[in-house]
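Working notes for the structure below.
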2 protein chains.
Amino acid sequence: MYSGGVSTSERLIESTRALLWERGYVGTSPKAILERAGAGQGSMYHHFKGKPDLALAAIRRTAEEMVATTTAVLDGPGTPYERIEAYLLREREVLRGCPVGRLTMDPEVVADDALRAPVDETLDRLRARLAEVVEEGKEQGELAPGLDSAEIAATVVATVQGGYVLARASGSPAAFDAGVRGLLALLAPRHR
Amino acid sequence: MYSGGVSTSERLIESTRALLWERGYVGTSPKAILERAGAGQGSMYHHFKGKPDLALAAIRRTAEEMVATTTAVLDGPGTPYERIEAYLLREREVLRGCPVGRLTMDPEVVADDALRAPVDETLDRLRARLAEVVEEGKEQGELAPGLDSAEIAATVVATVQGGYVLARASGSPAAFDAGVRGLLALLAPRHR
DNA sequence: GTCTATAGCAGGATAGAC
DNA sequence: GTCTATCCTGCTATAGAC
């Protein structure tokens with residue numbers, strides 16, 4: 001029996017995802033979620049145990065989505081350098097920040113192992129995959145052999161996450177782009 | 001007439017600074033500030049117009065402090081590369097994050113130009129000073145001449161800001177350190 | 001200057017009708 | 001499954017005594 005639309009529980013999760021991205025966990029109230037989802041109190045507490053439970057469902061989905069997106073780029077075509085470049089230059093809504101990374105600035109997310117786990121796992125998998133690509137680049141002679149793959153992977157992810165900070169501080173994506181271009185210049189084969 | 005201690009307004013500002021660092025603007029309540037400062041409601045509203053006004057005073061002081069600290073390192077002794085290295089390796093309470101950068105993830109700070117201004121200015125001055133140091137390094141032949149100083153400066157600041165994200169996600173400073181070491185390897189004269 | 005009292009509203013959750 | 005009513009607590013601010 002198909003309802004012809006999206007289920008209430010689905011709307012609750014999507015509304016929570018949007019609000020967590022925009023306002024973080026501390027800044028997101030059940031009331032705001034319900035208003036955005038067009039649902040009443042009862043629906044939320046029927047489908048979820050409470051705010052943390054609903055937030056966990058939302059965070060898990062956002063994390064999965066990010067893993068899928070980044071994997072697609074890093075497993076895509078091109079040389080190792082080109083795939084790292086594609087990851088760094090991929091379309092982003094820079095001023096909105098990273099829906100996963102921003103959660104690390106939320107005290108209640110960091111304090112709750114269950115909420116932090118999907119965030120940690122997502123960034124960790126991204127780093128691990130990037131390290132593999134860097135390793136490939138070294139083997140193929142495209143990247144400098146002296147580089148530590150795990151370190152470079154951390155640098156790449158950090159530059160992106162920090163780029164969001166610079167962009168949001170200045171109110172413009174320019175600083176994000178500058179940081180990315182600087183990193184690409186440092187990685188670029190032609191500069192070795 | 002010296003009170004022999006610290007003024008109430010002073011304690012309010014310092015308490016607010018600590019809470020903004022720990023919990024952000026949205027997550028910090030006047031009540032929590034007053035408890036930490038050991039003051040009553042009246043004191044706060046006597047010295048400040050309200051939460052935003054007190055937060056502005058606290059953010060301005062934190063911003064000034066960060067400018068002073070980073071300037072001291074970047075104006076210090078050593079070659080340009082060594083000064084950038086000193087900035088990147090300087091002692092940090094990594095898991096607490098950056099007291100200035102973390103504010104960019106706060107929706108109410110970003111939405112309020114007065115609150116965002118000191119954050120923007122601080123990170124912008126840091127980038128500008130780093131760009132000058134990079135420029136020096138290029139002139140002295142210590143850094144690759146093809147690099148764009150402003151871009152590299154953005155990359156350096158972004159790596160630090162993003163390093164905090166990685167560290168807080170994993171609950172360990174290791175990822176911050178890895179990102180910094182990766183960046184230093186990419187910048188290092190010996191790798192050109 | 002600092003305190004307590006109070007106000008009005010929002011946060012987070014529960015109860016029970018439909 | 002979904003709704004509204006209700007509860008208790010905390011947030012932000014104001015009033016007015018000391």
Side-chain angles (χ1 to χ4, degrees), chain A residues 1-59 103 105-112 114-115, chain B residues 1-59 103 105-112 114-115:
Chain A
M1 196 170 100
Y2 180 59
S3 74
V6 179
S7 71
T8 299
S9 126
E10 189 62 22
R11 290 203 314 281
L12 287 169
I13 292 177
E14 288 302 316
S15 299
T16 305
R17 295 215 304 146
L19 285 167
L20 285 180
W21 192 357
E22 198 179 310
R23 304 190 41 86
Y25 182 84
V26 168
T28 296
S29 67
K31 190 186 178 192
I33 294 169
L34 295 171
E35 277 170 8
R36 183 184 270 251
Q41 295 276 89
S43 295
M44 170 173 155
Y45 287 99
H46 173 74
H47 292 287
F48 302 95
K49 287 198 277 288
K51 177 180 168 179
D53 189 41
L54 174 50
L56 181 57
I59 292 173
L103 297 171
M105 292 302 136
D106 218 299
E108 303 198 7
V109 170
V110 172
D112 184 330
L115 294 178
Chain B
M1 198 168 94
Y2 180 59
S3 74
V6 179
S7 72
T8 298
S9 126
E10 189 63 22
R11 290 203 315 280
L12 286 169
I13 291 177
E14 287 303 315
S15 299
T16 305
R17 295 213 306 144
L19 285 166
L20 286 179
W21 192 356
E22 198 179 311
R23 302 190 45 86
Y25 182 84
V26 168
T28 296
S29 68
K31 190 187 178 192
I33 294 169
L34 296 171
E35 278 170 7
R36 182 184 271 251
Q41 295 278 88
S43 296
M44 171 173 154
Y45 287 99
H46 173 74
H47 292 287
F48 302 95
K49 287 198 277 290
K51 177 180 165 177
D53 189 42
L54 174 50
L56 181 56
I59 291 173
L103 296 170
M105 292 301 136
D106 218 299
E108 305 198 7
V109 170
V110 171
D112 183 332
L115 294 179

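In what follows, every heavy atom counts, from backbone to side chain, and hydrogens, waters and symmetry copies are set aside. In the text below, chain A, chain B and the rest are named by the order of the sequence lines, each starting its count at 1. Predicted model, so just to flag it, every value in this text is computed and none were measured.
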Got a list of protein N/O to nucleotides 7-9 of chain D N/O distances below 3.5 Å?
none

As a quick check of understanding, evaluate side-chain contact (heavy atoms from CB on, under 4.5 Å) for B:T8 and B:L12, giving each step before the final call. CA-CA 6 Å; B:T8 298; B:L12 286 169; 4.2 Å; yes
Measuring only between side-chain heavy atoms, which start at C-beta, is A:E108 closer than 4.5 Å to A:L115? no
Whole-Å distance between D:dA13 C1' and B:F48 CZ? 16 Å
Given 3.5 Å as the limit, does a donor-acceptor pair link the side chain of B:T28 with the main chain of B:L19, or not? yes
What's the CG-C1' distance between A:L12 and D:dG1, to the nearest Å? 12 Å
Estimate the overall bend of the helix from C:dG1-D:dC18 to C:dC18-D:dG1 from the end axes over five pairs each, rounded to 10 degrees. 0°
Closest heavy-atom pair, A:V26 versus B:V26, reported as atoms and distance to 0.1 Å, is CG1-CG1, 4.0 Å
Please list all pairs passing the salt bridge (Lys or Arg N to Asp or Glu O under 4.0 Å) test where one or both residues lie in residues 34-51 of chain B, with sequence neighbours left out. B:E22-B:R36
Nearest-angstrom distance from the residue atom CG of B:D53 to P of D:dT12: 15 Å
Quick check: does any side chain N or O of B:D106 sit under 3.5 Å from a backbone N or O of B:Y25, one acting as donor and the other as acceptor? yes
So, with a heavy-atom separation below 4.0 Å from DNA chain D, the residues of residues 23-36 of chain B are B:T28, B:S29, B:P30, B:K31
A correct 5'-to-3' footprint of nucleotides 2-7 of chain C, with B, S and - meaning base, sugar-phosphate only and no protein heavy atom under 4.0 Å, is BBB---
Of all residues at least two apart in sequence or in a different chain, which pass the salt bridge (Lys or Arg N to Asp or Glu O under 4.0 Å) check with A:R17? A:E14, A:E65
